[in-house]
Amino acid sequence: MKTSLRTHTCGELNMQHLNEKVTLCGWIQKIRKLGGMTFIDLRDRYGITQLAFDAATQPELCQQIDSFGREWVIQVKGTVKERYSKNKNIPTGDIEIMADEITVLNESLTPPFTIEDESDGGDELRMRYRYLDLRRNPVKNNLLFRHKLSITIRNYMNHIGFVEIETPFLVGSTPEGARDFVVPSRLSHGEFFALPQSPQTFKQLLMVAGFDRYFQIVKCFRDEDLRADRQPEFTQVDCEMSFVTQEDVIQIFEGLLKHIFKEIKGIEVGDIERITWADAMKYYGSDKPDARFGMRFVELNDVLQHKEFKVFNQAELVVGIVAKGCASYTRKQLDGLTEFVKRPQVGASGLVYVQCHEDGTFKSSVDKFYDQADLQAVAKKANAEPGDLILIMAGPRVKTQVQMGALRLEMGDRLGLRKKGEYKLLWVVDFPLLEWDEETQRYYAMHHPFTAPKPEHEAILETKPGEVNANAYDIVINGTEVGGGSIRIHDKNLQKRMFKALGFTEEEAQKQFGFLMNAFQYGAPPHGGLALGFDRLCAILSDADSIRDFIAFPKNNAARDVMLNAPSTISDAQLKELGIKVSEWE
RNA sequence: GGUCCGGUAGUUCAGUUUGGUUAGAAUACAUGCCUGUCACGCAUGGGGUCGCGAGUUCGAGCCUCGUCCGGACCGCCA
């Protein structure tokens, strides 16, 4: 790292460099004045090196550094010396620099928060001064980790013949899917570009072009509300292959994931389990199950719908989970669980429990309707043992499954079953092709409109669209959807039928996706692919909940950049040039 | 669009339950002392429109309403 201004970094000097003349540059992490001695911790990207000053022998230097403050940038020339008292906690802890000469390269204001691993700064403040936050080890290391992961992926993909090709960011807007970020056109007044939600159609066109194996680590943009794991601009590892079946794609990316886990985490991931979408919903109430723990759903309709309890009798689904060893839950804890499922976010109307006591008796919240023999039958069906707690919900099938899914994750958290450092990968396959939307009274593509139906279901696309399964697959790690993909439609006529099923007129389909269907007339190969959420992958491999600390300059909860204070208004001159007038609707 | 939590010193928070004299702590900052620290130590000091607005009250950091800001979640995210 030698440059004109420094000979070494602050992280590399040790006993082997004793008595060498060195020049270091860096930021002042800390000044410790002990009267006759003064120590400065000098920090750069690579570490910390201690500078030592002796008032008796270096009075001028000591006077000079007296005015220095935190985060000043200095250059120091001096000699590497062995310390009297060593610091075993840092790599450079055996040595220190006896300085001969110091140059202030830049002064610094006192930062609004401490630049330490455990900073005193809150989230918003750290975002506003992100360039200071990035000096801290935890955040800096996240970005270094991100770099390492991207290099690992690029090398692997290159090694197996994938070509990285860039696709445009200024594309056309489509009404399907997420909201688009929109960019006004100066040269075509009244017309707008959109930023891509993904390079989906471009990668399909690259297949038509014969590129065979394409990938790209690429920014994608979606104008939707944020979450801890959702940013309006995020990065995908976008891939597409030709002449493949679903099995080929799964094999290729299973290979990539195994490689990543081995290289980055030193973990051998075995063959990745697969579950159908239908089973995922049935047993976990989620299309992205956290499979680190069991607690699978048990349908209890047959053992609970023969008594006078209307709530159960009228329900389409009565479903339970078994919480191991929780029979001793107090009234307060049980009420807490009921409150949890009744929160608007979950939206259940209630929760029934059955405590399976050690002495073989049962206590439930519905004892009025069910006797011990009934509860015994429930316990048997649910495979519950003495000491366990059975939690039961009832209602419309899918809704109840989703609610129970939320409770299952909550119980997993409470029982410490969602362990950090443990990784459970899962392919979710056989997604439905279409999803009925009550509000707009039409079908929507569950994945996207280019997803191919299972060949054996093609015939019923018009007659029973809701029953058509897709050649689509998601990769789920610890309950997070890390990626997804599908085999695409490569036949122009099938694509037309698909658009029709989605309620497009021929003209609409032609206007929006004509370029793709036209391309399909010129020898489109069978193709399919997958995209991995790169930010999420970084976070999961680091056992972090939020992707924000793996993005150098992220947006806040309201999709704002608090450092730039963007978005912001633009000048009238700019608006005029773009042919835009801003007015309030309604 | 909705639910919940929060907003008090540069910063992180306590104080709000039960309204009552001069609003505290830690840390950061400044000054002084200290020759082996490395979370240095000790002493002293400065630092507050209690997010903003309205209301209730003799009196509001504390209660009520509104509003703005931040965070988590639901909807949304093909």
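Letters go in sequence order (proteins before strands), and every chain restarts at 1.
- Between B/A9 and B/U49, the two P atoms lie 8 Å apart (nearest whole Å).
- Along RNA chain B, the nucleotide nearest A/Gly121 and the nucleotide nearest A/Asp41 are compared for position; the residue whose nucleotide lies closer to the 5' end is A/Gly121.
- A/Phe113 does not qualify as a stacking partner of the B/U11 base, lacking a centre-to-centre distance under 5.5 Å together with planes within 30°.
- Within 4.0 Å (heavy atoms only), A/Asp123 reaches no atom of the nucleic acid at all.
- A salt bridge between A/Arg179 and A/Glu224 is present, with a side-chain N of the basic residue lying under 4.0 Å from a carboxylate O of the acidic one.
- Using a cut-off of 4.0 Å between Lys/Arg side-chain N and Asp/Glu carboxylate O, A/Lys86 and A/Glu82 are scored as salt-bridged.
- Taking the side chain of A/Lys33 as heavy atoms from C-beta on, and the options B/A28, B/C34, B/G36, the nearest nucleotide is B/C34.
- Between A/Arg418 and A/Asp290 a salt bridge is recorded (basic side-chain N to carboxylate O distance below 4.0 Å).
- Contact annotation for A/Asp223: no contact, since no heavy-atom pair falls under 4.0 Å across all strands.
- Annotation: B/G7 and B/G61 have their C1' atoms spaced 12 Å apart (nearest Å).
- Between A/Asp94 and A/Lys88 there is a salt bridge, with a side-chain nitrogen of the basic residue lying less than 4.0 Å from a carboxylate oxygen of the acidic one.
- For A/Arg83 against B/C38, a side-chain-to-base donor-acceptor contact under 3.5 Å is present.
- A cation-pi arrangement is found for A/Arg408 relative to A/Phe293, the charged atom lying closer than 6.0 Å to the ring centre and inside a 45° cone about the ring normal.
- When heavy atoms are screened at a 4.0 angstrom cut-off, A/Thr38 is found touching no nucleic acid atom at all.
- Residue-level contact check: A/Ala56 touches the bases, meaning some heavy atom is under 4.0 Å from a base atom.
- Contact annotation for A/Arg70: backbone-only contact, meaning every heavy-atom pair under 4.0 Å involves sugar-phosphate atoms and none involves a base.
- At a threshold of 4.0 angstrom between heavy atoms, the contacts of A/Pro112 are confined to the sugar-phosphate backbone, with no base atom among them.
- Under 3.5 Å, the side chain of A/Arg230 and the base of B/C77 form at least one donor-acceptor pair of N or O atoms.
- Contact annotation for A/Arg128: no contact, since no heavy-atom pair falls under 4.0 Å across all strands.
- Taking a pair to require two hydrogen-bonding distances under 3.5 Å in either a Watson-Crick or a G-U wobble arrangement, B/A30 pairs with B/U44.
- When both distances must be under 3.5 Å, the Watson-Crick or G-U wobble mate of B/G20 is B/C58.
- Taking the ring axis of A/Tyr129 as reference, the NZ or CZ atom of A/Arg126 does not stay both within 45° of it and closer than 6.0 Å to the ring centre.
- Counting non-hydrogen atoms under 4.0 angstrom, A/Lys30 reaches the backbone sugars and phosphates but no base.
- Using a 4.0 Å heavy-atom criterion, one finds that A/Ile48 contacts no nucleic acid atom at all.
- The separation between A/Ile97 atom CD1 and B/C38 atom C1' is 15 Å, rounded to whole Å.
- B/U17 and B/G2 have their C1' atoms separated by 29 Å, given to the nearest Å.
- Using a 4.0 Å heavy-atom distance criterion, A/Thr110 is classed as a sugar-phosphate-only contact.
- Side-chain to base pairing of A/Gln345 with B/C73: one donor and one acceptor N or O lie within less than 3.5 Å of each other.
- Comparing B/G48 with B/G10, their P atoms are spaced 7 Å from each other, to the whole Å.
- With rounding to whole Å, A/Glu118 atom CD is found 19 Å from B/U11 atom P.
- Contact check on A/Glu240 versus A/Arg488 returns a salt bridge, with a Lys/Arg side-chain nitrogen under 4.0 Å from an Asp/Glu carboxylate oxygen.
- Comparing B/U64 with B/C5, their P atoms are spaced 12 Å from each other, to the whole Å.
- Using N1 to N3 plus N6-O4 or O6-N4 for Watson-Crick, or N1-O2 and O6-N3 for G-U wobble, each under 3.5 Å, B/A72 pairs with B/U3.
- Nucleotide B/C77 holds its P atom 9 Å from the CD atom of A/Glu435, rounded to whole Å.
- With both ends at atom C1', the span from B/U12 to B/C63 equals 27 Å, rounded to whole Å.
- At a threshold of 4.0 angstrom between heavy atoms, the contacts of A/Glu96 include nucleobase atoms, whether or not backbone atoms are also involved.
- Between the side chain of A/Asp225 and the base of B/G75 there is at least one donor-acceptor pair of N/O atoms closer than 3.5 Å.
- At a threshold of 4.0 angstrom between heavy atoms, the contacts of A/Lys342 with the nucleic acid are absent.
- The separation of B/U8 from B/G51, taken at their C1' atoms, amounts to 10 Å, rounded to a whole angstrom.
- Across the interface with RNA chain B, nearest-nucleotide mapping of A/Asn557 and A/Thr57 shows A/Thr57 to be the residue nearer the 5′ end.
- Going from atom NZ of A/Lys288 over to atom C1' of B/C77 covers 11 Å, rounded to whole Å.
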